[in-house]
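Note sheet for the following structure.
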Amino acid sequence: MVDIGAIEKLRVTMRGAVLCPGQDGYNAARTIPNAMIDRRPAVIARCTGAADVIACVRFARDHDIVVAVRGGGHSVAGKSVCDGGIMIDLSTMKGIRVDPARRTVRAETGLTLGEFDRETQAFGLATTLGVVSKTGIAGLTLGGGWGHLHAKYGLALDNVIGADVVTADGRLLTVNVNENEDLFWGVRGGSGNFGIVTSLEYRLHELGPVFGGAVFYPASKAEEVLRFFREYSETIPDELVIQCGSFTTPDNTSVFAVAACYCGVPSEGEKVLKPLRTFGPPVADAMTAMNYLQLQGMFDPFFPPGRHTYVKSNFIRALDEQAIRAIAGFAGKSPSRFSFAPFIEHWHGATTRVGIADTAFPHRQYPYNLMLWSNWESPSEADENIKWTRSCWEALHPFLIEGSYGNYVADEGDSFARAAYGPNYKRLVGLKNKYDPSNFFRMNHNIKPTA
């Protein structure tokens, strides 16, 4: 419990709303897209800017309560909300300013991908973000930021050129290549372990219409599609990003599909994608020229808020024949028609040309990332879906490395954190000792300090 008088003092210092259980808006504010997570903070502080965030950090420190930070709320592990502590809610912080001459943008961390893309595309510009437009930019970027433009321009974090960070002692620091360089390195892949990022500055790139969409095959053809996917992916240019996997269409057809985005001239993309569209042949072809906003919203209908979500993910050691047969064996077998499992992202191009130690995110040498993204609607279905996801992951484990892309992981622990941060873990512990020696920010894939 937090003293009511202390909460009233916090209200006086903030421009944003401060909500407690029983107040209008509290339940809506504590609810995040993953319905598996049902937590009740003692206080929800809806921040309007960095000053509000600083006030919340000082409040939490003074009263020794746990802190959760919500941007878009899309942490599949549920780290955006806590029980009994304070949720520092950034979701109303939507400021964004594009500088078309410099090709940069300064964005507050309550923005979603769709909101960000809408502003940058008004100037014919974009940068790598994720592939579901309702996702928040902050958690996605700080954890990595794989997306449709990654092979041409790098991950989202590779395009970050500066940030504002509120640290555990309540300071607001500017971080970039010239200021607080160690922290600038750490936030790009170290997620929320070192502070609350209130704004991000990104490098932008010219981007007009793209060519993309998806082609669909029967789930029974998963092995053949995966074999083609592997061979095709080895020769594609940086302008093309592909992913494939098993899911169920709205008409209840179980499919194994390949999604793609070609970010160069659409007519050239049509040529490059012809082998994919003629292989099989597919049962349906939804590839076409479109604007980037349309492409970024392509997956939105499949990920509405309010479904229960459980995810396992690791990079694949090698997509060899044995791995292909094992992965294909689970296609179309999920107990829920809302799941994307198994699913594979192809990582290549600019992302893989960044050094392992150049940012805190280390996993750049493996071209395939496996996801088991299980979604279902009723709490009564949880045991069956979690059990299936785990059994699938355990069967595929011999083909996977220990390291994961942290944005896709529901389970965690010390061993996971060490594997997720890989060879950069020791350096990240040093940063944690410097900027957060008491582990004040621990609602994350946590890097524990030794100080």
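Side-chain contact check for W393 and N314: at least one donor-acceptor pair (N or O, by modelled atom type) lies under 3.5 Å. In summary, the side chains of H74 and N407 do not present any donor paired with an acceptor at a separation below 3.5 Å, with no hydrogens or angles considered. A donor-acceptor pair shorter than 3.5 Å can be found between the side chains of S91 and D89. Side-chain polar atoms of Y368 and Q243 form no donor-acceptor pair below 3.5 angstrom. Using modelled atom types and a 3.5 Å distance limit, the side chains of S199 and D164 yield a donor-acceptor pair. T141 and Y202 are linked by a side-chain donor-acceptor pair at a separation below 3.5 angstrom, with hydrogens and angles left out of the test.
With sequence neighbours excluded, the residues forming a salt bridge (Lys or Arg N to Asp or Glu O under 4.0 Å) with K94 are E115, listed by chain and number. Y232 is linked by a ring-ring contact (aromatic ring centres under 6.0 Å, His included) to F228, counting only residues two or more places apart in sequence or in another chain. Take N439 and apply the side-chain hydrogen bond (donor to acceptor under 3.5 Å, both in side chains) test, not counting sequence neighbours, and it matches K432, N446. Qualifying side-chain hydrogen bond (donor to acceptor under 3.5 Å, both in side chains) partners for S246, counting only residues two or more places apart in sequence or in other chains: none. Residues satisfying the salt bridge (Lys or Arg N to Asp or Glu O under 4.0 Å) test with K448, not counting sequence neighbours, are D414. Y217 is linked by a ring-ring contact (aromatic ring centres under 6.0 Å, His included) to F279, counting only residues two or more places apart in sequence or in another chain.
Judged by the 6.0 Å distance and 45° axis criteria, R61 is positioned over the aromatic ring of F440.
Applying the salt bridge (Lys or Arg N to Asp or Glu O under 4.0 Å) definition to pairs two or more places apart or across chains, those involving residues 348-371 are D158-R364, D238-R353. Sorted by first and then second residue, the pairs that involve residues 270-279 and meet side chain to side chain donor-acceptor pair (under 3.5 Å), not counting sequence neighbours, are R277-D285. Within the structure, every pair that satisfies the salt bridge (Lys or Arg N to Asp or Glu O under 4.0 Å) test and touches residues 175-196, not counting sequence neighbours, is listed here: D182-K434. Within the structure, salt bridge (Lys or Arg N to Asp or Glu O under 4.0 Å) pairs that include any residue of residues 129-140 do not occur (at least two apart or interchain). Each salt bridge (Lys or Arg N to Asp or Glu O under 4.0 Å) pair with one or both residues in residues 190-212, not counting sequence neighbours, appears once here: R102-E201, R103-E206, R106-E201.
Taking the ring centroids of Y435 and F194, they lie at or beyond the 6.0 Å cut-off.
Y405 and W347 have perpendicular rings, their planes meeting at more than 60° on a 0 to 90° scale where under 30° would count as parallel.
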N/O donor to acceptor pairs below 3.5 angstrom from side-chain atoms of residues 289-305, sequence neighbours left out:
from : atom 1 : to   : atom 2 : distance (Å)
N291 : OD1    : L293 : N      : 3.0
N291 : OD1    : Q294 : N      : 2.8
N291 : ND2    : Q294 : OE1    : 3.3
Y292 : OH     : Q296 : NE2    : 3.3
Q294 : OE1    : N291 : N      : 2.9
Q296 : OE1    : H148 : ND1    : 2.8
Q296 : NE2    : D117 : OD2    : 3.1
Q296 : NE2    : G130 : O      : 3.1
D300 : OD1    : S133 : N      : 2.9
D300 : OD1    : S133 : OG     : 3.4
D300 : OD2    : S133 : OG     : 2.3

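Under the side chain to side chain contact (heavy atoms under 4.5 Å, CB included) rule, I236 has a single partner from V241, L276, I242, L273, which is I242.
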